[in-house]
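Since we're looking at a predicted model, the values are computed, not measured.
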Amino acid sequence: MDSGGSSDMTLAFDLDALKALAYPDRVFQDARQWSEYVGVVSEQPTYVVTNFTRKHRIRQDFFSGPRSRAESLENVQKQFGTERHVFVGTDDEDAELAEEVGWEYLPVKDAAEAAEWELGEPETPDEDAGDDERDDWP
């Protein structure tokens with residue numbers, strides 16, 4: 001994806017936006033090429049975000065923890081002083097949140113189109129890898 005500007009950017013995905021992408025692990029790998037920091041924000045309990053990111057082998061630079069998305073985005077913006085802060089979300093509520101906290105907003109559909117990411121039900125990477133790794137077990 002051509003970010004259209006500086007790569008000195010912090011990119012935050014709403015958990016629902018990430019769940020709208022077929023290969024969230026690849027999205028994070030791709031986003032790291034043109035973003036300094038990439039993470040997930042959600043009002044879901046921390047374990048929900050952690051379970052999703054572990055399942056999809058996503059290494060995030062930050063996560064929201066037990067706080068509101070607005071507070072999380074504000075804290076991330078203070079912690080990571082990049083030139084740009086971009087929030088990828090799914091709806092008007094997400095766009096309003098981004099504006100409220102001073103982030104740029106990008107709908108997940110637009111981000112996916114620009115970056116050639118596939119929308120769809122998230123697939124777990126290498127789902128069959130576990131079976132192959134156990135071939136040598138008794």
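In F63, the CZ atom is not crowded: 12 or fewer heavy atoms of neighbouring residues, nucleotides or ligands sit closer than 6.0 Å. The neighbour count for E113 CD, taken as heavy atoms of other residues, nucleotides or ligands under 6.0 Å away, does not exceed 12.
Applying the side chain to side chain contact (heavy atoms under 4.5 Å, CB included) test between R67 and each of L73, T46, N75 identifies N75 as the sole match.
When all heavy atoms of E100 and A70 are compared, the pair lying nearest together is OE2-CB, 4.1 Å. Nearest heavy-atom pair, V88 versus A17, reported as atom, atom and distance to 0.1 Å: O-CB, 3.6 Å.
To the nearest 0.5 Å, atom CZ of residue R32 and atom CG of residue D30 are 11.5 Å apart. Atom-to-atom distance recorded for R84:CZ and E36:CD is 12.5 Å, nearest 0.5 angstrom. Taken from OG1 in T90 to CG in D16, the straight-line distance is 5.5 Å, to the nearest 0.5 Å. If you take NZ on K55 and CD on E123, they are separated by 10.5 Å, rounding to the nearest 0.5 Å. Distance check: I58 CD1 to R26 CZ gives 12.0 Å after rounding to the nearest 0.5 Å. Taking CH2 of W103 as the reference point, atom CG of L11 lies at 8.0 Å (rounded to 0.5 Å).
With T10 contributing its side chain and T82 its backbone, the two residues share no donor-acceptor pair below 3.5 Å. D25 places no side-chain N or O within donor-acceptor distance of the main-chain N or O of R57, the cut-off being under 3.5 Å. For the pair D61 (side chain) and V38 (backbone), a donor-acceptor distance under 3.5 Å is present. In this structure, H85 contributes its side chain and F80 its backbone to a donor-acceptor pair below 3.5 Å.
Follow the hydrophobic side-chain contacts under 4.5 Å out from Y37 and you never reach L15; the two are in separate clusters. One hydrophobic cluster, built from ILVMFWY side chains closer than 4.5 Å, cannot hold both F87 and M9; they sit in different ones. Both W34 and V40 sit in one connected hydrophobic cluster of ILVMFWY residues. Membership requires side-chain heavy atoms under 4.5 Å apart, directly or through other members. No continuous path of hydrophobic side-chain contacts links L119 to Y23 [ILVMFWY only; heavy atoms under 4.5 Å].
Taking 4.5 Å as the limit, every side-chain heavy atom of F28 sits out of range of all side-chain heavy atoms of R59. Counting only heavy atoms from C-beta outward, the side chains of H56 and L18 never approach each other to under 4.5 Å. When side chains are defined from C-beta on, Q44 does not count as touching F52, because their heavy atoms never get closer than 4.5 Å.
Partners of V27 under the side-chain contact (heavy atoms from CB on, under 4.5 Å) rule, at least two apart in sequence or in another chain, are F13, L21, W117.
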